[in-house]
Amino acid sequence: SGAVIQNNTFNNIGNGHCVRTGVFGTDPQTMVENTLIDGNSFNNTQHVGCTLEEQTKFVVISNNTFNNLEQAIKCERSNNVCSDITITGNTITNITLNTALNLSVPRVIFSNNIVTSIDDGPTFGADFICSDNYFADSGRDTFAFLSQLSGESGGVVSGNVFKNLAYRAVGVADKVTITGNTFHTIPNFAVNISGSYCSISGNIMTDIDRGIVLSNTGADDVIFDETTIASGVISSVLKTPTQTIITNNEGGAATDDIDTINNTAQGQIITLRPNQNSQLPTFKDSTGNLKLAGNADFAMTNSTNTITL
């Protein structure tokens with residue numbers, strides 16, 4: 001434990017792994033912990049840049065370059081004895097297998113990486129964080145680029161850029177927060193939710209085929225944000241029991257009115273708030289279908305104001 005693998009160059013490794021930690025097969029069952037893999041260059045390798053086997057915990061993989069490999073990083077999953085992996089500041093490109101980033105172990109943090117021209121994106125396990133990465137020019141035409149292993153739950157996808165992917169961008173199930181991402185040039189769904197209790201807020205979606213899709217009709221308590229006022233009208237996108245909608249003023253105007261909310265369900269609770277301080281709406285009483293407390297209009301004064309209907 002406590003090893004540091006730093007500033008090495010791995011070129012043309014034939015049939016194996018550039019770096020392997022942990023237990024394989026009949027190796028002694030001793031936990032390998034607190035390993036740092038930093039500043040290395042992994043190039044033109046037949047199999048994997050970094051393989052984290054069973055009995056591996058608390059590994060940091062940072063500031064490396066992975067180029068022209070079958071797999072960049074592979075985490076072996078068995079009885080949750082590989083976990084708590086941080087992958088940050090790496091450049092990952094030209095990775096050829098659909099398991100390019102097999103990160104399907106508990107508590108992986110994947111942040112501030114540049115990922116381009118890989119066959120498929122990261123597959124996560126439980127309670128992951130994927131934040132502030134740049135993903136571009138990648139993916140296959142049949143699967144979501146970022147996914148979570150079937151049966152796992154919990155995670156955060158925040159602050160990433162997904163650009164020019166082959167198919168869907170994000171496909172997850174339960175208890176995942178998706179916030180502050182930019183989706184650009186996606187030929188299928190930006191986000192596909194197949195489970196429940198997910199929050200989707202503050203994302204920007206441009207040049208995509210479809211935005212957010214709930215593929216499981218039993219999905220419950222999904223929160224969808226982000227809609228733009230059109231002639232005083234906004235629409236509730238999802239008929240979930242509770243929902244939050246973040247509003248944008250029509251044409252980016254500083255002020256706007258909301259008098260009608262369409263596509264709501266009986267008993268649904270909707271909370272609304274403005275997206276930013278520079279676009280503040282006023283909710284109009286009894287002009288459309290809104291009946292507000294005190295029979296009075298409600299003007300928002302900053303982006304922290306909310307109204308629940």
Side-chain angles (χ1 to χ4, degrees), residues 156-162 169-170 172 175-184 186 189-193 196-309:
V156 175
V157 181
S158 66
N160 303 284
V161 173
F162 298 90
V170 175
V172 293
K175 301 178 182 177
V176 177
T177 297
I178 302 169
T179 184
N181 302 283
T182 298
F183 299 89
H184 192 282
I186 310 297
F189 308 160
V191 178
N192 182 52
I193 303 295
S196 302
Y197 305 104
C198 291
S199 173
I200 310 163
S201 63
N203 302 284
I204 298 172
M205 303 181 186
T206 307
D207 293 332
I208 61 175
D209 182 64
R210 279 163 283 184
I212 299 168
V213 174
L214 299 184
S215 61
N216 179 0
T217 56
D220 191 16
D221 288 329
V222 177
I223 303 172
F224 173 83
D225 296 334
E226 205 84 36
T227 192
T228 299
I229 304 165
S231 301
V233 178
I234 62 173
S235 292
S236 170
V237 176
L238 303 175
K239 293 185 178 181
T240 51
T242 59
Q243 179 187 170
T244 297
I245 300 176
I246 294 178
T247 63
N248 293 291
N249 289 355
E250 187 168 7
T255 60
D256 205 348
D257 292 338
I258 297 174
D259 57 52
T260 301
I261 302 176
N262 288 331
N263 197 39
T264 57
Q266 185 174 3
Q268 186 180 32
I269 298 173
I270 299 175
T271 299
L272 302 101
R273 70 173 179 83
N275 191 21
Q276 51 192 312
N277 287 326
S278 61
Q279 298 184 38
L280 300 173
T282 295
F283 291 81
K284 306 294 289 184
D285 176 68
S286 300
T287 302
N289 65 359
L290 302 185
K291 303 295 182 184
L292 305 182
N295 299 315
D297 296 346
F298 178 73
M300 292 189 163
T301 58
N302 61 67
S303 62
T304 64
N305 291 167
T306 63
I307 184 171
T308 299
L309 303 171

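Judged as a side-chain contact (heavy atoms from CB on, under 4.5 Å), and not counting sequence neighbours, the contacts of Asn295 are Asp285. For Ser231, the side chain to side chain donor-acceptor pair (under 3.5 Å) criterion is met by no residue, not counting sequence neighbours. For Thr179, the side chain to side chain donor-acceptor pair (under 3.5 Å) test picks out Ser201, with sequence neighbours left out. In this structure Asn277 satisfies the side chain to side chain donor-acceptor pair (under 3.5 Å) test together with Ser303, sequence neighbours excluded. Qualifying side-chain contact (heavy atoms from CB on, under 4.5 Å) partners for Thr282, counting only residues two or more places apart in sequence or in other chains: Asp257, Lys284, Asp297, Ala299. In this structure Leu290 satisfies the side-chain contact (heavy atoms from CB on, under 4.5 Å) test together with Ile258, Ile261, Phe283, Leu292, Leu309, sequence neighbours excluded. Every residue was checked against the salt bridge (Lys or Arg N to Asp or Glu O under 4.0 Å) condition with Lys175, not counting sequence neighbours, and none meets it. Checked against side chain to side chain donor-acceptor pair (under 3.5 Å), Thr206 has no partners two or more places apart in sequence or in another chain. For Ala169, the side-chain contact (heavy atoms from CB on, under 4.5 Å) partners at least two apart in sequence or on another chain are Phe162, Leu165, Phe183, Ile186.
Atom CG of residue Asn305 and atom CG of residue Leu280 lie 7.5 Å apart, to the nearest 0.5 angstrom. Taken from CD1 in Ile307 to CZ in Arg273, the straight-line distance is 14.5 Å, to the nearest 0.5 Å. Taken from CG in Asn249 to CD1 in Ile229, the straight-line distance is 4.5 Å, to the nearest 0.5 Å. Once rounded to the nearest 0.5 Å, the distance linking CD1 of Ile270 with CD1 of Ile234 reads 7.5 Å. Atom CG of residue Leu272 and atom OG1 of residue Thr308 lie 8.0 Å apart, to the nearest 0.5 angstrom.
Sequence neighbours left out, not one pair with a member in residues 300-309 passes salt bridge (charged side-chain N to carboxylate O under 4.0 Å, His left out). For residues 300-309, there are no salt bridge (charged side-chain N to carboxylate O under 4.0 Å, His left out) pairs, not counting sequence neighbours. For residues 259-269, no residue pair satisfies the salt bridge (charged side-chain N to carboxylate O under 4.0 Å, His left out) rule, not counting sequence neighbours.
For the pair Met205 and Ala190, the tightest heavy-atom approach, listed with the atom from each and the gap, is SD-CB, 3.9 Å.
Panel note: side chain Asn203, backbone Gly180; a donor-acceptor pair is recorded below 3.5 Å.
Between Met300 and Pro281, some side-chain heavy-atom pair lies under the 4.5 Å cut-off. Within the 4.5 Å cutoff, the side chain of Val172 has heavy atoms near those of the Ile193 side chain.
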_Does Ile204 form a side chain to side chain contact (heavy atoms under 4.5 Å, CB included) with Asn181? I'd like the steps, not just the answer._
CA-CA 6 Å; Ile204 298 172; Asn181 302 283; over 6 Å; no
Item checked: Asn160 vs Val170, side chain to side chain contact (heavy atoms under 4.5 Å, CB included): CA-CA, chis, key distance, verdict -> CA-CA 11 Å; Asn160 303 284; Val170 175; over 6 Å; no
